[in-house]
Undergrad: 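Could you have a look at this structure, given as structure tokens, before my questions?
Computed over heavy atoms, backbone and side chain alike; hydrogens, waters and symmetry mates excluded. These figures come from a predicted structure and were not determined experimentally. Both counts, for ligands and for their atoms, begin at 1 and track the order of listing.
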Amino acid sequence: MKVIKKEDLKGFIDGLIEKGEREVVGVKSKDSKYVFDTLEDAEELELDYDVTILPPKKYFMPQRETLVEYKTKKGIDMEAVNEVIPRIIIGVHPYDLEAIKQMDKVFADSPEDYNYSEKRSKSILIGVNMQKTSEWSFAGSMGNATIDDGYDLMLTDLGDKYAVEIGSSKGRELLDEGSLKIRDAEPEEIEEVENIEEDIKNKFEKELDFSPEKLPWLLAQKYGDEDFWEENAEDCYSCGTCNIVCPTCYCFDVQDFNDISLEEGERMRQWDGCMLEAFAEVAGGENFREERAERYRHRYMRKGRYLYNRFGDIACVGCGRCSSQCVPDIADPTDIFNKLWRDKDE
Ligand code: SF4
Ligand code: SF4
């Protein structure tokens, strides 16, 4: 573990911005909320935030991107497109780092998604241990209050300095760039980081009443209880906001956009969400999840069961973004998951 003074870290970040070799992104405040955005100056960086509106997944899987450009004048001429911008992303909380680890697995699954993986490989993630928690978050219950890997560097605020843990060779090489004033941590500083990481686990207002490993089993039990899902989905607007803000939701729709000349066009993908009515509609107008209760159930099944069965992870990291953004306040996973626990068959 290393230690760097806060003013030296600022100077280091300003140096990276000035060099311009990579886009430097960090957490900034915006209208009393927080967002990941391009930094023009290290002064803009806010590392003691609670949660950002959107997770950093937007840098690896943009809301809308072109996958292929094609021309049709002389036969079909297609070219794969991937706009990769090398980036340093500063201030990622542990639950978002866990979500990125999960997305890495999903997009590496055969066939590998190069539009995602090339953007990921050109990014450097600088995490930060949480100082504040969102009132909606239950990351502690999901085991994501802290994290041991998934970052290139991890910062912990120690007053006028940061402890810096090195998580990868990319992180080490970044520290070697420029003349950074950094030193080895003293034993009491290492202990202070351990205490901070221990304390944060107890700072969440929301929690699960049981261990998250039980979720696949609880959800399997509840699948056929239609009254339960209808009752809980009654006020749902099918707006899809809970999908859009979720760091582990990755579904997208692909469409071709032909030029009016019919001689060229592009194939694009954009974020989609299983809570939207048209999500499971197929050619001919058949919709496999026409009712909102079916869509509502599907979202929870994905989070706690289907993706666990396929990749071994509970696909909810406990960030609380979905519940904080849901207008009728029915998207809080702790509400549904704790109800499942109370209703379980012994
Ligand atoms: S649960 Fe809430 S955020 Fe999600 S689709 Fe329904 S109304 Fe929208
Ligand atoms: S389901 Fe909600 S709490 Fe869980 S990771 Fe997604 S947005 Fe965060």
Undergrad: If the plane angle is over 60° it's perpendicular, under 30° parallel, otherwise tilted; pick one for Y49 and Y34.
TA: tilted
Undergrad: I need the nearest protein heavy-atom contact for atom 4 (Fe) of ligand 1: residue, atom name and distance, please.
TA: C242 SG, 2.3 Å
Undergrad: Quick check: is L276 connected to V245 through a chain of hydrophobic side chains (ILVMFWY, heavy atoms under 4.5 Å apart)?
TA: no
Undergrad: Are Y306 and H298, when compared by the centres of their aromatic rings, separated by less than 6.0 Å?
TA: yes
Undergrad: Among protein heavy atoms, which sits nearest to atom 3 (S) of ligand 2, and what does the distance come to when rounded to 0.1 Å?
TA: G320 N, 3.2 Å
Undergrad: Indicate, as side chain, backbone, both or neither, the part of R302 found under 4.0 angstrom from ligand 2 when only non-hydrogen atoms are considered.
TA: neither
Undergrad: Among protein heavy atoms, which lies nearest atom 1 (S) of ligand 2, and at what distance?
TA: R299 NH2, 3.5 Å
Undergrad: Among the heavy atoms of M142, does any lie under 4.0 Å from an atom of ligand 2?
TA: no
Undergrad: In terms of residue, atom name and distance, what is the protein heavy atom nearest to atom 7 (S) of ligand 1?
TA: Y237 N, 3.3 Å
Undergrad: Please report the shortest heavy-atom distance between E118 and V84, naming the atom on each side.
TA: O-CG1, 3.7 Å
Undergrad: Would C322 count as a contact for atom 2 (Fe) of ligand 2, in the sense that one of its N, O or S atoms lies under 2.8 Å from it?
TA: yes
Undergrad: Between R269 and D113, is the closest basic N to carboxylate O distance under 4.0 Å?
TA: yes
Undergrad: Salt bridge or not between R292 and E230? Use side-chain N to carboxylate O under 4.0 Å.
TA: no
Undergrad: Among protein heavy atoms, which lies nearest atom 6 (Fe) of ligand 1, and at what distance?
TA: C236 SG, 2.4 Å
Undergrad: Measure from atom 5 (S) of ligand 1 to every heavy atom in G240, A233, G273, C274 and give the option owning the shortest one.
TA: G240
Undergrad: Do the side chains of K161 and E189 get close enough for a salt bridge, i.e. N-O under 4.0 angstrom?
TA: yes
Undergrad: Do any of the N, O or S atoms of C239 sit under 2.8 Å from atom 8 (Fe) of ligand 1?
TA: yes
Undergrad: For atom 2 (Fe) of ligand 1, grab the closest protein heavy atom and report residue, atom and distance to one decimal in Å.
TA: C326 SG, 2.4 Å
Undergrad: Give the atom numbers and elements of ligand 2 that come within less than 4.0 Å of a heavy atom of V317.
TA: 4 (Fe), 5 (S)
Undergrad: In the protein, which heavy atom is nearest to atom 8 (Fe) of ligand 2, and how far is it?
TA: C319 SG, 2.3 Å
Undergrad: Do K10 and D41 sit within salt-bridge range, that is, some charged N less than 4.0 Å from a carboxylate O?
TA: no
Undergrad: Ignoring hydrogens and angles, tell me if any N or O in the side chain of D259 forms a donor-acceptor pair with the backbone of S261 under 3.5 Å.
TA: yes
Undergrad: At less than 4.0 angstrom from any non-hydrogen atom of P328, what atoms of ligand 1 do you find?
TA: 7 (S)
